[in-house]
Amino acid sequence: MIIMSFATVAILFSLGLFTILVQRNAFKTVIGLTLMESAVLLLFISWAYIPEGWAPILPLKGSGVDPLPHALTLTAIVIGACDLALAFAFIMKLNGFEKTVDVDSFRRLKG
Amino acid sequence: MMPLLRFLGSVCILAGVFFSFAAVVAILRFPDVYTRLHGGTKALSGGALLILLGSMPYAGSSLGALKLLLIAVFFLISNPMASHAIARACHRRTLFKNFSHFSSETPIEGESMRE
Amino acid sequence: MVQRYFIFTADRRVLALLAGILVLAAAVYGQGYFKKTGERRFFSGFLFLFLLTVLGAVFSALWLGFLIFIELSTVALFILIAMKERNVAFRYLAVQLAGAAFLLAGIAGAGIKGPVLFGPVQPPFFPLLLAGLGVKSALLGLHFWLPEAHGKSPAPVSALLSGIAVKTGVFGLLLLTGGAYVPSLSAAGAAMALWGAFQALLQRDVKRLLAYSTISQLGYIVAALGAGGVLSVPAVLYHAVTHGLSKGMLFFCAGILEKAYGTKDFSRLGGAAERLPGTCILFFIAAASMIGLPGTAGFASKALLKASLIDFPLVSACLLVANIGTAMVFCKMSAFAFGGVQKSRYLHSPECFRFMNAGTAVLAPLLLFSGFFPGILPAFLGSTGHSFYTVPKCGESLLAAVCGVFLFLFLKKRLRASATRVRDIDVMSERFPNMIGNGARIVQRLQGGFLRGYLLTAALTALILMHLFS
Amino acid sequence: MSEPLLAFLYFFILLTAFVAVFLDDLLSSFISLSVTGVLMATVFALLRAPDVALTQAIINSGLITSLLLVAYSHTRRTPLPSGPCTACPSWLRWPLAALICFLLAVLLFRGMYSLAGERALETASTHFLAETLRETGALNVVAAILLDYRAFDTLGETTVIFAAVAGISLLLSGGKHVRSRQGLSFIVKRGMALLTPFLLLYAASILFLGHLTPGGGFQGGSVFATVAILICVVYGTGFDASRVSSKSKETLEVGGALLFVFIGLLGAAWGGGFLANLKGPFFPGTPGSLFSGGNMLFLNLAVGLKVGAGLSSIFYVMIKILEQEGEQ
């Protein structure tokens with residue numbers, strides 16, 4: 001079961017990277033980012049899962065699942081949301097300047 | 001008593017699944033926005049309600065069953081409201097000008113919120 | 001603390017003595033060379049800072065101490081050169097720092113187990129240190145920075161540069177090899193001697209001529225250093241001292257000529273003998289010592305050198321030929337600079353010449369004294385029992401001088417302000433800036449500003465590395 | 001744990017992800033992205049991580065999608081220059097990127113495969129599971145970790161949110177807000193009037209019962225922000241602005257942060273070190289009751305205030321710009 005989730009994580013992450021590398025639309029880049037981030041979240045949680053474990057809410061009915069990655073994932077989700085919101089703000093601002101959303105047109109950082 | 005309820009529950013769930021399937025077909029088959037929206041929402045709210053009600057006996061505690069009922073009620077209220085909003089937005093955007101024979105009230109200018 | 005980081009052995013004291021005398025002479029000379037008092041104060045201030053750093057380098061017991069102080073001396077020299085030529089100073093600094101990088105790499109490598117004593121180093125790091133010190137002491141392939149640095153910096157500074165700075169590099173080499181026989185070094189030394197003399201003959205500029213003769217004299221030292229053996233240390237140090245003193249005097253004379261006639265080019269120099277008699281006499285003393293005429297320190301150090309190269313006939317033959325070349329070089333300088341008709345206007349300012357002559361005069365008696373009593377310095381270094389004034393040695397040096405003069409007279413017309421310039425590796429230092437220029441253009445084309453392009457390359461390299469190392 | 005259900009969900013996650021990536025129409029790719037988020041939330045729930053599932057459902061599939069739609073509706077998208085991309089031709093870029101990603105996937109999988117040995121609880125987690133009730137009095141172990149064992153990190157996290165909000169309002173400053181904006185139709189307004197109290201109640205329950213049941217400051221705050229966004233959408237920005245002005249949102253946000261720090265200082269005041277629980281006025285109380293987790297309840301409140309005000313002000317700033325666009 002763990003192998004299946006690890007496979008999904010690997011595929012999802014590389015899909016996100018592929019999107020960022022290939023797509024020319026800034027929104028697609030953001031989508032790629034979101035996919036990569038959720039892949040990491042999935043990795044954390046599927047790594048924390050113990051086959052017969054119960055949710056980490058006391059009183060435990062059986063052996064508990066590893067609660068530490070859950071706390072880390074929580075933080076990751078919130079911070080991921082923050083930087084995605086920032087990404088949207090950047091896109092809106094850049095669109096204000098460049099009048100398009102094409103990533104290749106943001107060429108101010110020339111060598 | 002509980003197995004009878006469980007049996008009735010599973011029947012409800014199956015009916016719910018059928019309604020959801022109908023909703024998908026409706027969305028794919030109907031020609032334009034309004035009909036597609038109408039078919040999708042009605043069947044979907046019907047399907048989801050049935051599934052929720054059907055799974056009430058399977059819920060662990062009676063409190064769980066109450067929660068499922070609450071969700072069903074919430075779903076009953078919000079789904080039609082949302083579809084109404086979408087339909088009205090489409091209408092006011094006069095997406096389909098060729099349907100002018102509808103008694104179109106004066107469309108209020110300004111961009112509506114796209115949801 | 002001092003004991004652990006600094007050692008005061010005999011050979012280090014000799015080099016420190018040389019540095020001290022040269023800095024003193026340069027200080028006196030500087031009072032005359034620089035007109036404005038601000039410049040004079042600035043010059044003497046950094047001069048003594050340079051002395052301090054050189055002493056630190058010479059006396060340090062650890063390689064790291066040596067590296068730190070030698071870099072500080074480079075910085076001091078950089079500031080001194082920057083008084084006159086800014087971009088030459090930058091190039092000099094860049095090259096020296098590159099050398100220091102090699103040195104640091106070697107020291108870091110060797111010093112993994114603990115602080116490395118200032119001495120021989122295990123094989124894997126030997127080439128690194130050799131390369132680093134090679135840049136400092138202008139070995140054959142790495143001497144491209146020397147002609148330009150000497151040519152364009154103020155006279156007292158170039159005197160220091162060739163008198164002390166190069167010598168600390170050589171001193172590092174001496175301790176690095178530690179008396180062992182390094183065939184490559186002795187070969188490089190012989191080649192340097194020949195190439196330096198040959199190039200010096202063809203130069204139009206007085207200071208560049210002296211720079212190349214420095215390289216040839218370094219060739220002598222490095223040849224002796226490479227030969228190794230018990231005699232190598234005294235021979236190297238003795239020649240280093242004599243070369244430092246005489247080359248210092250020569251650069252001072254060149255500075256006087258430059259001040260007097262406002263030019264360094266042979267074609268416009270001439271007839272300085274009757275205008276500057278004192279300088280002319282001092283010049284001849286220094287030239288005699290460079291050539292190694294008996295009675296001067298040069299003769300004694302060259303004899304000691306020949307003694308240490310007894311069992312290397314080929315190398316000593318090369319050095320003999322180089323000696324003839326050196327004789328021709330100084331005939332050229334005396335003929336074109338001091339002899340002949342005066343071509344450019346003479347800027348008469350007696351008081352600055354007084355100081356400059358005084359500075360040069362400080363060094364002359366030392367040369368003559370160690371010429372008449374050659375045994376003192378080797379005795380101080382611990383190797384006694386050398387017979388200097390024997391008939392074959394005097395005969396040999398006189399022979400070299402005489403045929404040098406005749407060869408020069410024979411080739412005088414060809415060597416006059418000869419336009420032919422054999423391209424030397426130092427041309428590279430001119431091309432240095434625009435090499436960086438078109439490097440920047442390539443980078444500009446690569447960085448097209450496409451964010452996805454950057455990401456693609458980054459991802460690719462990361463992946464390759466991960467696959468390699470995972 | 002039903003194996004096939006998880007496999008089914010994983011398959012659908014990948015399917016919706018592929019759809020989100022390769023669909024040209026942006027709107028539908030946004031929707032499929034949020035579907036991926038929802039499916040991910042169900043997977044988290046199945047993997048016994050209720051807290052994370054709740055957060056994922058609210059934030060990634062709820063808030064982010066709405067912000068995405070706002071950003072999408074704001075940017076004027078001139079058609080993409082269809083010409084070959086100048087950096088490197090697309091026929092070269094696609095296979096190269098595909099190769100890179102495939103290699104990456106292989107590498108990641110190989111790395112993870114070697115990790116997938118027998119899973120046993122590490123010492124830290126066993127300690128958490130065993131000692132939480134005694135040390136913090138809270139039932140929800142994850143909330144206990146977040147707000148008691150690692151409270152300092154949570155403080156750091158709130159500063160991250162603060163920075164994001166500040167950054168966004170800096171970027172999108174300017175542009176004034178139009179007051180008179182009618183919301184959606186009458187029916188929707190009345191419906192919302194009926195639903196809003198329940199939504200607020202739900203948000204409060206998540207927030208205040210954070211240390212007992214799955215939930216906590218972040219989730220509660222986000223639900224509050226969602227309610228604010230709903231009101232903003234349904235009743236129009238005019239109504240919303242008069243009710244809760246941006247100034248008060250800022251004070252709420254800063255107030256939340258200051259409350260967090262104040263509680264921390266209280267812990268320090270009683271000699272327990274910054275953010276120490278069960279010191280001074282905070283007592284473990286009877287487990288399961290509302291005031292039971294020491295200072296965790298108030299920390300949750302502080303974080304809830306912060307996140308709620310922060311996220312809604314982000315939405316508010318973005319909306320404001322939109323209105324200005326609408327005017328020209």
Side-chain angles (χ1 to χ4, degrees), chain A residues 1-15 17-19 21-22 24-25 27 31 34-35 38 42 45-46 49-51 53-58 60 64-68 70-71 73-75 77-79 81-82 84-86 88-93 95 99-102 104, chain D residues 3 6-7 10 13-14 17 20-21 26 29 33 40 44 47-52 55-56 59-60 63-64 67 71-72 74-75 77-78 80-81 85 93-94 97 101 104-105 108-109 112 116 119 121 124-125 128-129 132-133 139-142 145-146 157 160-161 164 167-168 171-172 218 314:
Chain A
M1 199 284 295
I2 287 279
I3 309 302
M4 207 166 40
S5 55
F6 285 161
T8 327
V9 166
I11 296 171
L12 210 57
F13 190 83
S14 42
L15 180 67
L17 187 63
F18 179 78
T19 331
L21 284 179
V22 166
R24 292 181 61 168
N25 191 327
F27 282 108
I31 289 177
T34 323
L35 287 182
S38 49
L42 186 59
I45 297 299
S46 55
Y49 175 72
I50 296 171
W54 283 88
I57 308 294
L58 302 175
L60 277 176
V65 165
D66 185 353
L68 195 56
H70 295 193
T73 322
L74 256 169
T75 329
I77 292 179
V78 172
I79 294 183
C82 285
L84 283 178
L86 257 176
F88 300 147
F90 279 129
I91 293 176
M92 288 163 82
K93 198 69 184 176
N95 181 273
K99 293 295 173 290
T100 96
V101 192
D102 169 17
D104 286 350
Chain D
E3 208 70 25
L6 254 180
Y10 283 144
I13 287 178
L14 286 179
V21 166
L26 271 180
S29 58
L33 185 70
M40 195 70 83
F44 287 158
L47 288 176
R48 293 288 187 277
D51 269 84
V52 182
T55 322
Q56 165 80 5
I59 291 185
N60 270 0
L63 263 172
I64 290 298
L67 291 184
Y72 172 75
H74 165 64
T75 55
R77 284 152 313 290
T78 52
L80 287 181
C85 100
R93 178 182 291 278
W94 277 68
C101 295
L104 186 70
L108 287 179
F109 186 70
M112 284 188 273
R119 275 288 292 118
L121 272 177
S125 322
F128 285 139
L129 287 177
T132 310
L133 195 58
L139 293 182
N140 181 351
V141 178
V142 175
I145 295 176
L146 265 181
E157 197 181 320
V160 166
I161 296 173
I168 290 171
L171 270 174
L172 301 177
F218 297 107
I314 288 179

Requested in this report: Against chain A, label I168(D) side chain, backbone, both or neither, depending on which of its atoms sit under 4.5 Å from a heavy atom there.
Outcome: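 Interface part for I168(D): both.
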
Requested in this report: Below 4.5 Å from any heavy atom of chain A, which atoms of F109(D) appear? Answer side chain, backbone, both or neither.
Outcome: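 Both backbone and side chain.
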
Query raised in the report: Quick one: of I91(A), V9(A), I79(A), V78(A), who has the most non-hydrogen atom pairs under 4.5 Å with chain D?
Result: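 Highest number of pairs under 4.5 Å: V78(A).
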
Report task. Output the option from T34(A), V22(A), I11(A) having the highest count of non-hydrogen pairs under 4.5 Å with chain D. Result ->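 If we count pairs closer than 4.5 Å to chain D, V22(A) comes out on top.
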
Do [X] and [Y] have side chains that approach each other closer than 4.5 Å (heavy atoms only, starting at C-beta)?
| X | Y | value |
| --- | --- | --- |
| Y10(D) | L42(A) | yes |
| N60(D) | M40(D) | no |
| H70(A) | V65(A) | yes |
| V160(D) | T75(A) | no |

Which residue out of [options] racks up the most heavy-atom pairs below 4.5 Å with chain A?
| options | answer |
| --- | --- |
| L139(D), L108(D), L33(D) | L139(D) |
| I314(D), D51(D), L63(D), I64(D) | I64(D) |
| V52(D), I13(D), L104(D) | V52(D) |

Query raised in the report: Looking at I145(D), V142(D), V141(D), which hits side-chain contact (heavy atoms from CB on, under 4.5 Å) with L68(A)?
Result: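 When side-chain contact (heavy atoms from CB on, under 4.5 Å) is applied between L68(A) and each of I145(D), V142(D), V141(D), only I145(D) qualifies.
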
If I measure from the heavy atoms of chain D, does [X] come under 4.5 Å with its side chain, its backbone, both, or neither?
| X | answer |
| --- | --- |
| F18(A) | both |
| S38(A) | both |
| L84(A) | side chain |

Query raised in the report: With S5(A), which residues qualify under side chain to side chain donor-acceptor pair (under 3.5 Å), at least two apart?
Result: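 Testing S5(A) for side chain to side chain donor-acceptor pair (under 3.5 Å), a comparison that skips the adjacent residues, returns none.
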
**Report entry** Residues that F88(A) engages under ring pair (Phe, Tyr, Trp, His ring centres under 6.0 Å), provided they are two or more places apart
**Finding:**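 Applying ring pair (Phe, Tyr, Trp, His ring centres under 6.0 Å) to F88(A) gives none.
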
